[in-house]
Amino acid sequence: MHSHLACSKDTRHDDFALGDWLTQKRRAARQGRLSPTTAHALENLDPWWCPPWPHTWQRTYYQAREQHDAGQDHSPTLQGWTEQQRARWNTLHPTQQHLLTTIGIHPSTCPPRPMCSEAATRSGTLCR
């Protein structure tokens, strides 16, 4: 369907609560209670079905990858997410960094911009 298992918790497939089921399997895997057969089957479907980083990150990465692979520009939401990944590059897991580079997202070369204070915003002062 999407070539990954990073669906949301409320995802249903053919009236099966797939999202809930995957949430339970991820929990079991993290607790060392998932059978090797099930773990192997899930890894064959999606090597990152149970990543060591937040699942929402993985789901957003797959959305960005799908748009990249289709040659589409990122939506405004994904553009913001992409900029966040560039800005916090050094805090990402090395595998997250690798996954991002495979879709053309690389670390920011500029230092992060300072945020405007509320007073500066009210006075019309430009922040860089």
Side-chain angles (χ1 to χ4, degrees):
M1 184 172 185
H2 293 289
S3 74
H4 63 76
L5 296 175
C7 60
S8 63
K9 188 174 181 349
D10 62 348
T11 298
R12 298 188 72 78
H13 182 70
D14 290 338
D15 208 34
F16 177 73
L18 180 62
D20 283 333
W21 184 82
L22 283 167
T23 298
Q24 293 170 12
K25 296 306 170 194
R26 285 186 191 97
R27 186 176 304 119
R30 289 186 183 110
Q31 295 172 349
R33 298 183 299 109
L34 189 64
S35 78
T37 303
T38 302
H40 182 70
L42 291 169
E43 287 166 6
N44 280 338
L45 292 171
D46 179 0
W48 299 109
W49 75 275
C50 187
W53 46 82
H55 178 67
T56 54
W57 187 95
Q58 193 67 23
R59 188 168 51 248
T60 307
Y61 162 76
Y62 281 131
Q63 292 170 357
R65 186 184 76 178
E66 287 169 8
Q67 287 186 357
H68 174 268
D69 291 351
Q72 300 171 342
D73 290 335
H74 290 308
S75 68
T77 301
L78 282 178
Q79 286 176 1
W81 180 83
T82 298
E83 289 308 314
Q84 288 176 346
Q85 304 319 299
R86 287 185 171 117
R88 57 186 285 257
W89 190 268
N90 291 332
T91 67
L92 297 173
H93 188 281
T95 303
Q96 287 175 294
Q97 294 173 352
H98 172 74
L99 289 170
L100 291 170
T101 61
T102 65
I103 61 170
I105 300 171
H106 301 281
S108 177
T109 56
C110 300
R113 292 179 170 184
M115 298 297 289
C116 287
S117 70
E118 188 176 324
T121 302
R122 276 194 309 252
S123 71
T125 305
L126 295 177
C127 298
R128 299 185 298 140

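The analysis underlying the following values was restricted to heavy atoms, covering all of them including side chains, and did not include hydrogens, waters or symmetry mates.
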Quiz item: For R86 and G104, which heavy atoms make the closest approach, and how far apart are they?
Solution: NH2-O, 4.0 Å

Practice problem: Evaluate ring-ring contact (aromatic ring centres under 6.0 Å, His included) for W57 paired with W48, printing each intermediate quantity in order. | Solution: CA-CA 11 Å; W57 187 95; W48 299 109; 9.4 Å; no

Quiz item: Going from NE2 on H93 to NE2 on H98, what distance comes out if it is rounded to the nearest 0.5 angstrom?
Solution: 12.5 Å

Quiz item: Under a 4.5 Å cut-off applied to non-hydrogen side-chain atoms, are L100 and H106 in contact?
Solution: no

Practice problem: Identify the heavy atoms of W21 and L42 that sit nearest to each other, and give their distance. | Solution: CZ3-CD2, 4.0 Å

Practice problem: Ignoring hydrogens and angles, tell me if any N or O in the side chain of Q67 forms a donor-acceptor pair with the backbone of Q72 under 3.5 Å. | Solution: no

Practice problem: Please tell me if the side chains of C50 and R30 come closer than 4.5 Å, counting only heavy atoms from C-beta onward. | Solution: yes

Practice problem: Hey, could you give me the OG1/CD distance between T91 and Q84, rounded to the nearest 0.5 Å? | Solution: 10.5 Å

Practice problem: Look only at the side chain of Q97 and the backbone of W89, and say whether a donor-acceptor pair between them is shorter than 3.5 Å. | Solution: yes

Quiz prompt | W53 vs T95, side chain to side chain contact (heavy atoms under 4.5 Å, CB included): CA-CA, chis, key distance, verdict | solution = CA-CA 10 Å; W53 46 82; T95 303; 3.7 Å; yes

Exercise. Would you check if the side chain of R12 reaches a backbone N or O of L18 as a donor-acceptor pair within less than 3.5 Å?
Key: no

Quiz item: Considering all heavy atoms of both residues, which atom of A87 and which atom of S108 are nearest to each other, and what is their separation?
Solution: N-CB, 4.4 Å

Quiz item: Counting heavy atoms not belonging to D73, are there more than 12 under 6.0 Å from its CG?
Solution: no

Quiz item: So how far is it from E43 CD to T38 OG1, rounded to the nearest 0.5 Å?
Solution: 10.5 Å

Quiz item: Is there side-chain contact between L99 and Q58, with at least one heavy-atom pair below 4.5 Å?
Solution: yes

Quiz item: What's the verdict on side chain to side chain contact (heavy atoms under 4.5 Å, CB included) for I105 and Y61, showing C-alpha distance, side-chain angles and the deciding distance?
Solution: CA-CA 11 Å; I105 300 171; Y61 162 76; over 6 Å; no

Practice problem: Locate the shortest heavy-atom distance separating H74 from Q79; write the atom from each residue and the value. | Solution: O-NE2, 3.1 Å

Self-check item: Evaluation steps, side chain to side chain contact (heavy atoms under 4.5 Å, CB included), between L22 and T11
Solution: CA-CA 10 Å; L22 283 167; T11 298; over 6 Å; no

Exercise. Identify the heavy atoms of H68 and I103 that sit nearest to each other, and give their distance.
Key: CD2-O, 3.0 Å

Quiz prompt | CD-OG1 distance between Q96 and T101, expressed to the nearest 0.5 angstrom | solution = 12.0 Å

Quiz item: Is there a donor-acceptor pair under 3.5 Å between the side chain of Q85 and the backbone N or O of W81?
Solution: yes

